[in-house]
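These numbers come from a predicted model, not from an experiment. Order of the sequence lines sets the chain letters (A, B, ...), proteins ahead of strands, with each chain counted from 1.
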Number of protein chains: 2
Amino acid sequence: MALSLEEGEERISTFVTMARKSGLRITPQRLEIFREVAFATEHPDVEAVFASVRTRMPTVSLDTVYRTLWWLKDSGLVSLIGAGKGGTRFDPNTKAHHHFVCLRCGSIQDFYDSCLDSLEIPTQAELLGAVQGVNVEVRGECKLCLAKAALEGA
Amino acid sequence: MALSLEEGEERISTFVTMARKSGLRITPQRLEIFREVAFATEHPDVEAVFASVRTRMPTVSLDTVYRTLWWLKDSGLVSLIGAGKGGTRFDPNTKAHHHFVCLRCGSIQDFYDSCLDSLEIPTQAELLGAVQGVNVEVRGECKLCLAKAALEGA
DNA sequence: GTCACTGCAAATCTTTTGCAGTATG
DNA sequence: CATACTGCAAAAGATTTGCAGTGAC
């Protein structure tokens, strides 16, 4: 699955605008790293981005890739898959359920909703493989983080 | 949010049954580790399970926890949050979209569906914090893994 | 009694940090 | 020109592996 050139370029121009707005410097490394991610359709991990950027810019270091990616994430230009940070996490709940994921602290809370359980799977998704279940991930900021932010902002 | 005792015990008896069926030995460590995970409502990571089990069984080692958790995962008794294994992964797609997650290889593919984008957020979820978006995670086995399995099974 | 399972310790892989030099705005 | 950014190297953290002893079946 290839990304259209226009869509990639659109992502890059958003990137430059955002960077300017945040007063952050646009360096060749950052541009190259972002270009890599912006055109990616495979949801790469850090190592993959690094390897790929390295073919075109052999001097970039792995930690620059890390720093750039976290910065992109903080700016909202890319998002993390799942809860993001931290080690592997487990879910002992084998019943149908759904998650509220906090984008700030990474906490995950279960919630139940029978309508969501019986969500109709779009044909688009059916085509990608053998579907076994659905989990709806509601993303936002949890109560605790909201309270903390309110305190700090006061 | 506490888990009802019955539900936890139910999970444990499922565990014992499953273990017997797979011909795997039920050791005190495994039972303790599974008990920990079965009653957890916080989607713990390995370190958290380890720390908690250790308070009741000070001799367990971290690697036993790892081994047991992977085994539980392979048996389908617990599932991994997100794609599971591997490092942090990024998603450069800032448009509303959804994921097909392969439970076998961990690959993630995007798909689009405007009905899902405008999914109504259940009150249950609204109560947990400030909602910013929804991502539907369709879980199953991807085309590639299905093909591989077919080859090996032949 | 057999053989899978455990604990330990060391190896490996992933991510972060401190510092001195470099280059962007 | 100031100072944020980079690369390097080393530290910190997470996960895996090899091996000898132990215990579940």
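- Nucleic acid contact for B/R30: sugar-phosphate only, since backbone atoms but no base atoms lie under 4.0 Å from a heavy atom of the residue.
- With contacts defined as side-chain heavy-atom distances shorter than 4.5 Å, the pair A/R20/A/I26 qualifies.
- Among C/dC8, D/dG7, D/dA14, the nucleotide with an atom closest to any side-chain atom of B/S61 is C/dC8.
- Look at CZ on A/R20: it is 16 Å from C1' on D/dA4, rounded to the nearest Å.
- Taking atom CD on B/E32 and atom P on C/dG7, their separation rounds to 12 Å, with Å as the unit.
- Between the side chains of A/H97 and A/N135, no donor-acceptor pair is found at a separation under 3.5 Å.
- Side-chain atoms of B/S52 and B/E36 form a donor-acceptor pair, as typed in the model, at a separation below 3.5 Å.
- Counting distance only, with no hydrogens placed and no angle test, the side-chain atoms of A/R25 and the base atoms of D/dT3 include a donor-acceptor pair under 3.5 Å.
- Note: CZ (A/F50) to P (C/dT15) measures 13 Å, nearest angstrom.
- The residue among B/T27 and A/M57 whose nearest nucleotide of DNA chain D lies closer to the 5′ end is A/M57.
- In this model, no donor atom of one side chain and acceptor atom of the other lie less than 3.5 Å apart for A/N93 and B/H43.
- Among the protein residues, B/W70 comes within range of the sugar-phosphate backbone only, with heavy atoms under 4.0 Å from sugar or phosphate atoms but none that close to a base.
- For the pair A/T68 and A/T27, the minimum side-chain heavy-atom distance is 4.5 Å or more.
- Distance CD (A/Q29) to C1' (C/dT24): 11 Å, rounded to an integer number of Å.
- Between A/T88 and D/dA14 there is no side-chain N or O to OP1 or OP2 distance below 4.0 Å.
- Among the heavy atoms of the strands lying under 4.0 Å from A/I26 are primed sugar atoms or P, OP1, OP2 only; no base atom is included.
- Across all strands, B/L62 comes closer than 4.0 Å to base atoms (heavy-atom distances).
- Atom CG of B/D45 and atom P of C/dT14 are 18 Å apart (whole Å).
- Atom OH in A/Y66 sits roughly 13 Å away from atom P in C/dC13 (whole-Å rounding).
- The side chain of A/T59 lies closest to D/dG7 when the candidates are D/dG7, C/dT6, D/dA14.
- A/L24 has its CG atom 16 Å from the C1' atom of D/dA2, to the nearest Å.
- The interatomic distance linking A/R67 (CZ) with D/dT6 (P) rounds to 7 Å, in whole Å.
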